[in-house]
2 protein chains.
Amino acid sequence: MSMSLELTPVQAAACCAPLARQPLSESEAEGIAPLLKALADPVRLRLISMVASHQGGEACVCDLNDAFDLSQPTISHHLKILHEAGLLDREKRGVWVYYRARTEALQNLAALIGGHAA
Amino acid sequence: MSMSLELTPVQAAACCAPLARQPLSESEAEGIAPLLKALADPVRLRLISMVASHQGGEACVCDLNDAFDLSQPTISHHLKILHEAGLLDREKRGVWVYYRARTEALQNLAALIGGHAA
DNA sequence: CAAAGACATAGACATACGTAAATATTTACA
DNA sequence: TGTAAATATTTACGTATGTCTATGTCTTTG
């Protein structure tokens, strides 16, 4: 289990003190921005919310597609972005793919944004 | 739960239950995404962090400009985006302009992202 | 093995974004 | 009043983003 020196996006949000506590370094900011970027889209916000609030904490792509007026590849593209950012886990079971929200990543991010000053 | 006709970006984050509690509506997601978009840039993350963590909770643009290797108009542009999103308050005192972080907006956003499920 | 269904990838296109250079605006002060 | 300093606005430009259509991959089942 060799770990690379690079931080995955998920780990990035656990890197540092809250925004209001001390100034983010350049590299810290560059690690966190992709996480926020992944969330900063209405479709992706709804997708992650649907997955996170779904029965069992996971949802099948088949369920998600129908909730939007967008093409299937577009939804797939957004899910990929959330997955690559480390906000959604992906598991294939038979023909279906299930996504699950990484709540600890979301909570790290929330702590970073909303954490109180020293 | 009734909502006003127009939400300012700041209010948007206080609109609804946490992501993981119930699916965001389309309009809720469209209200929140701009807030995250404003944060989803390394320069703006560092700017808001510098302001929020600065002595007195506010910082002068003159202090901020020097911390970056970017042109003054570029910093001004980023500050404008954070201000228009409702994340930074702006006050002119003499020749200088001071920005102050809206911590309640940040905390609303954090609660939305990191709030636990039902 | 072939066909169908679920999901992902590739390519293309219009729009949005981050940045810089040049210029404008506002304020203080000699 | 005029000059300098602090900040904002305008314009321009390359790159990134969101979306679609078309196609590919994988899995199940007839």
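Naming convention: chains lettered A, B, ... in sequence-line order (proteins, then strands); numbering from 1 in each chain. Since the structure is predicted, the reported quantities are computational estimates derived from the model, not experimental observations.
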Length of the line joining [X]:[atom1] and [N]:[atom2], which is rounded to integer Å:
X	N	atom1	atom2	answer
A/Leu79	C/dA6	CG	P	16 Å
A/Asp69	D/dG18	CG	P	18 Å
A/Leu47	C/dA8	CG	P	11 Å
A/Asp63	C/dA6	CG	P	11 Å
A/Asn65	C/dG5	CG	P	15 Å
A/Ile75	C/dA8	CD1	P	11 Å
A/His83	C/dT9	NE2	C1'	14 Å

Do any side-chain atoms of residues 43-50 of chain B form donor-acceptor pairs under 3.5 angstrom with protein atoms, and if so which ones, sequence neighbours left out?
{"unit_1": "B/Arg44", "atom_1": "NE", "unit_2": "B/Ala38", "atom_2": "O", "d": "2.6"}
{"unit_1": "B/Arg44", "atom_1": "NH1", "unit_2": "B/His78", "atom_2": "ND1", "d": "3.0"}
{"unit_1": "B/Arg44", "atom_1": "NH2", "unit_2": "B/Lys37", "atom_2": "O", "d": "3.2"}
{"unit_1": "B/Ser49", "atom_1": "OG", "unit_2": "A/Leu19", "atom_2": "O", "d": "2.8"}
{"unit_1": "B/Ser49", "atom_1": "OG", "unit_2": "A/Gln22", "atom_2": "O", "d": "3.1"}
{"unit_1": "B/Ser49", "atom_1": "OG", "unit_2": "A/Leu24", "atom_2": "N", "d": "3.0"}

Item to check | Transitive ILVMFWY cluster of B/Val95, excluding itself - 4.5 Å side-chain cut-off | outcome: B/Trp96, B/Tyr98
Item to check | Value rounded to 0.5 Å, distance of CG in B/Leu82 from CG in B/Leu35 | outcome: 10.0 Å
Would you tabulate the nitrogen or oxygen pairs shorter than 3.5 Å linking the protein to nucleotides 22-30 of chain C?
{"unit_1": "C/dT26", "atom_1": "O3'", "unit_2": "B/Lys92", "atom_2": "NZ", "d": "3.3"}

For residues 109-118 of chain B, dump all side-chain donor-acceptor pairs below 3.5 Å to protein atoms at least two apart in sequence or in another chain.
none

Less than 4.5 Å apart, any side-chain heavy atom of [X] and any of [Y]?
X	Y	result
B/Val61	B/Ser76	no
B/Asp89	B/Arg102	yes
B/Glu91	B/Val97	no

Restricting to nitrogen or oxygen on both sides, can you table the protein-nucleotides 12-19 of chain C pairs closer than 3.5 Å?
{"unit_1": "C/dC17", "atom_1": "OP1", "unit_2": "B/Lys37", "atom_2": "NZ", "d": "3.3"}
{"unit_1": "C/dG18", "atom_1": "OP1", "unit_2": "B/Asp41", "atom_2": "OD2", "d": "3.4"}
{"unit_1": "C/dG18", "atom_1": "OP1", "unit_2": "B/Arg44", "atom_2": "NH1", "d": "3.4"}
{"unit_1": "C/dG18", "atom_1": "OP1", "unit_2": "B/Arg44", "atom_2": "NH2", "d": "2.9"}
{"unit_1": "C/dG18", "atom_1": "OP2", "unit_2": "B/Arg44", "atom_2": "NH1", "d": "3.2"}
{"unit_1": "C/dT19", "atom_1": "OP2", "unit_2": "B/His78", "atom_2": "NE2", "d": "2.3"}

Checklist entry - Is any NZ, NE, NH1 or NH2 atom of the basic residue among A/Glu58 and A/Arg93 found under 4.0 Å from an Asp or Glu carboxylate oxygen of the other? => result yes
Checklist entry - Who pairs with A/Arg21 by salt bridge (charged side-chain N to carboxylate O under 4.0 Å, His left out), at least two apart in sequence or on another chain? => result none
Checklist entry - Would one find a side-chain N or O of A/Tyr99 under 4.0 angstrom from OP1 or OP2 of C/dA8? => result yes
